[in-house]
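Here's the structure, in structure tokens; my notes come after.
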Amino acid sequence: MLTLKKIIAELDFIAKSLTKRGYNEDDIKVILHELISHDKKRKSNQQANDDLKSKMKDFSGQIGKLYKEGKQDEASKLKAEVVEIKEKIKTYDENDKELKIKIDDILLSIPNAPHNSVPHGKSEEDNEVVKDWTDPFPILEKDALPHWELAKKYNLIDFELGAFITGSGFPLFRNKGSKLKRALINFFLDEAEKAGYEEIRPPLMVNEASALATGQLPDKEGQMYYMEKDDLYLIPTGEVPITNIYRDVILKESDFPQKVTAYTPCFRREAGSYGSDVKGLNRVHQFDKVEIVQISHPNESYKLLDQMVSHVENLLIKLELPYRILRLCGGDLGFTSALTYDFEVYSAGQKKWLEVSSVSNFEAFQSNRLKLRYKDRDGKIHLAHTLNGSALALARIVAAILENFQTPDGIVVPKVLRKYLNFEIIN
RNA sequence: GGUGAGGUGGGUGAGUGGCUGAAACCACCGGUUUGCUAAACCGGCGUACGGGUAACACUGUACCGCGGGUUCGAAUCCCGCCCUCACCGCCA
């Protein structure tokens with residue numbers, strides 16, 4: 001969430017930038033002013049309360065001394081006074097609690113303020129193409145197939161069996177399909193390691209505190225699988241456990257940047273999506289992803305964002321897949337993000353762009369909930385910036401590879417993956 | 001699942017009702033000194049929200065796993081929860 005300090009200091013900018021997400025500038029200003037007035041009330045309330053508490057402490061100390069000196073009467077008088085003070089403190093405490101709840105409710109409901117470069121817009125149609133694919137698309141035979149047909153033809157993925165074992169959206173990879181996936185995971189992890197990321201294997205379930213800290217709760221509660229009995233959530237992305245490494249952490253300035261990567265399966269309920277978009281691997285409940293996360297000094301975060309974008313871009317170049325890069329418009333931007341670049345890969349069999357990566361700078365929005373801070377040279381504490389990106393999401397990459405590299409003789413595996421495989425062609 | 005022990009500042013760890021936001025040691029930072037990859041000595045060293053300041057200084061309150069309670073007063077007593085460790089059981 002945004003910090004109150006930032007809202008007070010940059011109210012106009014925030015209100016203006018939130019119009020990119022479709023807010024009415026005047027409406028949001030009303031909300032923000034309400035927030036600030038709650039805060040003012042809370043501060044004056046606190047001051048009065050603190051004074052009373054101070055008095056109470058003082059009196060209590062005196063009572064102790066009076067008892068030691070045997071002055072029972074005077075002690076009793078003071079006691080009576082403290083009891084009165086306590087009553088007042090109680091009402092101040094209650095006021096404080098109420099105001100804090102109001103303030104937090106508003107703060108939690110406000111999404112991140114989009115970066116200056118974020119375009120206005122309502123939906124994905126308004127996303128800005130910052131880098132388009134200008135080379136020709138792969139030329140396929142006339143009878144080229146979409147990946148779900150190819151998967152069946154070469155026995156790579158069994159959607160029906162996955163549905164039988166679990167349900168729809170849980171594909172079962174087998175044979176060379178399974179190996180291809182393993183090769184991709186290794187390739188992505190190796191590339192991340194070369195780029196300086198520490199590889200970890202995090203838990204795949206997280207508690208409520210972790211899901212809140214990265215912003216999956218309360219915003220995307222319906223997206224996550226939840227195990228009531230143990231009060232745990234299946235992770236919708238590796239971002240959650242990775243970023244939570246830094247919950248309640250105060251870094252030194254010299255610790256920047258922190259770079260962590262992990263391969264994890266991701267679980268998403270994806271409630272309410274049907275139709276051709278969900279066919280095959282286009283949208284599934286369980287998929288694999290290699291995630292990269294950086295914790296940054298605020299001054300560096302946009303530089304690092306660019307680095308992450310080119311890291312992802314390189315992966316796609318090495319995989320020889322046609323891709324384009326989009327800058328998400330305000331309407332398509334995630335709740336917690338200030339700026340997001342999406343990567344789409346062209347899947348020639350279905351003649352469709354598939355989203356395979358999302359690289360974002362959250363600025364201090366996540367850090368605020370995470371309480372992820374750093375100490376500067378003067379010993380002052382500030383919020384760090386967090387960034388993350390998929391590098392890459394597997395299911396759709398598999399789809400694109402199958403479709404783009406199909407030939408009459410079979411599917412020719414991209415060269416970079418061959419060292420991870422004991423075959424070069426799927427037939 | 002059972003039994004036992006325990007959760008205090010970056011770490012170790014003292015502290016069973018007021019003088020404890022918290023000893024001591026280690027680590028860390030600054031300084032002095034000795035001239036040698038170090039030691040000794042001195043000083044500093046938690047976070048949050050307020051007040052205060054140009055900025056410091058200074059200052060109020062809260063926080064000793066979390067939440068509640070008892071009391072004039074709680075790290076310290078009581079209740080609930082969470083977590084960690086050890087052993088047993090079960091299990092990949």
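For clarity, every value in this text was computed on a predicted model and none was experimentally measured.
Protein atom CG of A:Asp58 is 9 Å distant from nucleotide atom P of B:U61, rounded to whole Å. As rounded to whole Å, 12 Å separates atom C1' of B:U61 from atom CZ of A:Arg42. In this structure, the NE2 atom of A:His38 is 16 Å from the P atom of B:G50, given to the nearest Å. The CG atom of A:Leu52 sits 15 Å away from the C1' atom of B:A62 (whole-angstrom rounding). Atom CG in A:Asp93 sits about 14 Å away from atom C1' in B:C63, given to the nearest Å. As rounded to whole Å, 10 Å separates atom C1' of B:A48 from atom NZ of A:Lys100. Atom CG in A:Asp51 sits about 16 Å away from atom P in B:U59, given to the nearest Å. Spacing between atom NZ of A:Lys252 and atom P of B:A27 amounts to 15 Å, rounded to whole angstrom units.
A:Phe335 and A:Phe365 have perpendicular rings, their planes meeting at more than 60° on a 0 to 90° scale where under 30° would count as parallel. Between A:His285 and A:Tyr225, the angle of the ring planes goes over 60°, which puts this pair in the perpendicular group of the 30/60° scheme.
With C1' as the reference atom, B:U47 and B:G9 are 10 Å apart, rounded to whole Å. For B:U59 and B:U53, the C1' atoms lie 12 Å apart once the distance is rounded to whole Å. Nucleotides B:G21 and B:G89 have their P atoms positioned 48 Å apart, rounded to a whole Å. For the C1' atoms, the distance linking B:C90 with B:G15 amounts to 41 Å, nearest Å. The separation of B:C79 from B:A40, taken at their P atoms, amounts to 48 Å, rounded to a whole angstrom. Rounded to the nearest Å, the gap between the P atom of B:C64 and that of B:G52 is 28 Å. On the P atoms, B:A23 is 15 Å away from B:U8, given to the nearest whole Å. Comparing the same atom, C1', in B:C77 and in B:G4 gives a spacing of 23 Å after rounding to whole Å.
A:Cys329 contributes atom SG, which lies 10.0 Å from atom CZ of A:Arg21 (distance to the nearest 0.5 angstrom).
Phosphate contact (OP1/OP2 of B:G46, side-chain N/O of A:Lys375, threshold under 4.0 Å): absent. Taking side-chain N and O atoms only, A:Arg373 has a distance below 4.0 Å to OP1 or OP2 of B:A48. Contact check, A:Lys68 against B:C19: no side-chain N or O comes under 4.0 Å of OP1 or OP2.
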Practice prompt. Could you check A:Gln223 against A:Gln216 for side-chain contact (heavy atoms from CB on, under 4.5 Å), going step by step and ending with a plain yes or no?
Written response: CA-CA 8 Å; A:Gln223 278 267 35; A:Gln216 271 66 33; over 6 Å; no
Worksheet item: What's the verdict on salt bridge (Lys or Arg N to Asp or Glu O under 4.0 Å) for A:Lys20 and A:Asp126, showing C-alpha distance, side-chain angles and the deciding distance?
Response: CA-CA 11 Å; A:Lys20 292 177 181 173; A:Asp126 303 314; over 6 Å; no
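For the pair A:Lys176 and A:Tyr154, the NZ or CZ position fails the cation-pi test of under 6.0 Å to the six-membered ring centre and within 45 degrees of the ring normal.
Sequence order on RNA chain B of the closest nucleotides to A:Lys43 and A:Ile63 puts A:Lys43 first from the 5' end. Across the interface with RNA chain B, nearest-nucleotide mapping of A:Gly379 and A:Asp39 shows A:Gly379 to be the residue nearer the 5′ end.
The side-chain hydrogen bond (donor to acceptor under 3.5 Å, both in side chains) search around A:Lys318 returns A:Glu191, not counting sequence neighbours.
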What protein N or O atoms touch nucleotides 52-57 of chain B N or O atoms at under 3.5 angstrom, if any, and at what distances?
unit_1	atom_1	unit_2	atom_2	d
B:C56	OP1	A:Lys380	NZ	2.9

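The A:Lys57 side chain lies nearest to B:U61 when the options are B:U61, B:G18, B:U47. For A:Ser60, taking side-chain heavy atoms from C-beta onward, the closest of the listed nucleotides B:A62, B:C72, B:G60 is B:C72. Nearest to the side-chain atoms of A:Val83 among the listed nucleotides B:G60, B:C72, B:C19 stands B:C72. When the nucleotides B:U61, B:G51, B:A48 are ranked by their closest atom to the side chain of A:Gln47, B:G51 comes out on top. Side-chain proximity of A:Ile250 to B:U61, B:U47, B:C72: nearest is B:U47.
Donor-acceptor pairing under 3.5 Å is lacking for the side chains of A:Tyr263 and A:Glu199.
Heavy atoms from other residues, nucleotides or ligands lying under 6.0 Å from CG of A:Asn299 number more than 12.
Minimum interatomic distance between A:Phe287 and A:Ala395 (heavy atoms only, all atoms of both residues): CB-CB, 4.0 Å.
Annotation: side chain of A:Lys375 is not in contact with side chain of A:Arg373 (no heavy-atom distance under 4.5 Å).
Across all strands, A:Lys41 comes closer than 4.0 Å to no nucleic acid atom at all (heavy-atom distances). Using a 4.0 Å heavy-atom distance criterion, A:Ile85 is classed as making no nucleic acid contact.
RNA chain B forms stems at B:1-7 with B:82-88, B:10-12 with B:24-26, B:28-32 with B:40-44, B:46-51 with B:58-63, B:65-69 with B:77-81, each a run of 3 or more consecutive Watson-Crick or G-U wobble pairs whose two key distances fall under 3.5 Å.
A donor-acceptor contact shorter than 3.5 Å links the side chain of A:Gln406 to the backbone of A:Leu145.
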